[in-house]
Structures are given as structure tokens and as C-alpha cells.
Amino acid sequence: PKTHRVMTLADHISHIITQDFARNQ
Amino acid sequence: SCPVAPASRSSQEVWESFSQCFTPAVKEVVEFAKSIPGFQMLSQHDQVMLLKSGTFQVLMVRFCSLFEPKERTVTFLNGQTYSLASLRALGMGSLLDAMFDFSEKLGSLGLEQDEMALFMAVVLVSADRSGIVEVGAVEQLQENLIKALRSLITSRRPDDGTLFPKLLLRLPDLRTLNNQHSEKLLAFRID
């Protein structure tokens, strides 16, 4: 069975931004 | 890229696909932000805070061109056009209604591409200030960008003194859209 991570659009946006800045440090 | 899935896909898979489409769009906003003169002079902390607060609003402006308010249709990236009614039947209700209304108001101003780009920069640096550490630096950047936008718009339309104020009135609309819709849930499959 598949499991899902459910998050708000706001949290998803935050997550992508944090990842992007961490990657570029 | 397409709201209509093959019959073999479950609604769960369709929803996962829809959730995933925001990922490249958000990354593009981050790249756009880095290209705004002065943005990378802000502290990294404040850059991150502005992006977290403002990305949804920038995306609303970017996606405006996909909406045709008179016909009430949306053109997806696959080039296909769908009516609001058919998209509602797929369960994409209130956010689409709000985006149509916003697109109509913004579209009626008839902005050129460079004006839209500068407006998106203003939208981003006008985002919510809670969490910003160097407020003065952000306010100075906002002031510079607003001046540049005013100058660009008024130099092209010297006889229309109402366009710039009307454009600034779209900023509270975007904040309302953000408050109403950014808490919508997305679902990502964990492999």
C-alpha cells in the first residue's frame, strides 16, 4: 500500500525554498 | 500539464500529479528572485522569509496568462483548453474561481511583459514582513522597485494616471488569495 505525505501548499513552498538554499550554500 | 488523466489512473494519482506540478514552478520563482537587482544583497535569512511569504502570490500573477476570464477557460501546459465547469467537475473549485476573478482584474490593465515581471518583483518584496530581520533593507528594496515600476508604466502611458494606483490595488487582492488558499492540502506519495 502507498503512503502519502500530506502538506499544505504553503508548507510545500517553504520546503522547496529551504532545500534550494541549503543546496546552494 | 493536463487535468484529465487516463482512465487507468486513480484520483489519488491525479492528485499526486497535480501536487507535483507546483515543485518546478516554485523553483522558477526562486531563480526569478535571484535575478531581481538588490534581492541577493538582503541577508539569506530575509531572502528565504520573503520567498516563503511571497511565492504563492508571485505564482498567482504568473499563472494569470493561462486564464481566459471572458470564456472562463484555462489553458494547460499541454496546450489544451478546458472550461471552468469541466475543471470543477474534477474537483478544482474555489481556488480556480478566485484565480479567474484576479486574472480578469489584472488582465484588464493590459500590462506588457516587462511591466508584469517588474510587478512580480514588487509582489515578492511586498510579502508579509513577520520573520524579517532587516526590515529597513527590505523596505528600501521595495521602495526602489515600486519607483522603477511607476516610472516604467507612467513613461509609457503619460495620459493615464489611474493605471499605477489600480495596479498597486492588486497587492491586497493577492494577499487575500494567499490567506484563503495557501492552506489547501497537497499529497505526495512516499516511495
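Note that this is a predicted model, so its numbers are computed, not measured. Quick note on labels: first sequence line is chain A, next is B, and so on, each numbered from 1.
Of residues 39-60 of chain B, those residues with a non-hydrogen atom less than 4.5 Å from any non-hydrogen atom of chain A are, in numerical order, Q44(B), Q47(B), V48(B), L51(B), K52(B), T55(B), F56(B).
A continuous path of hydrophobic side-chain contacts links L174(B) to F63(B) [ILVMFWY only; heavy atoms under 4.5 Å]. Hydrophobic cluster membership differs between L118(B) and L169(B), with clusters built from Ile, Leu, Val, Met, Phe, Trp and Tyr side chains linked at under 4.5 angstrom. In the hydrophobic clustering of ILVMFWY residues, with side-chain heavy atoms under 4.5 Å counting as a link, V133(B) and L124(B) come out apart.
Among N24(A), I17(A), I16(A), the single residue meeting the side-chain contact (heavy atoms from CB on, under 4.5 Å) criterion with V30(B) is I17(A).
Under the salt bridge (Lys or Arg N to Asp or Glu O under 4.0 Å) criterion, E112(B) pairs with no residue, sequence neighbours left out.
Seen from the ring of F21(A), K34(B) counts as a face-on cation partner, given the 6.0 Å and 45° thresholds.
Between E31(B) and D20(A) the shortest heavy-atom distance is OE2-OD2, 4.3 Å.
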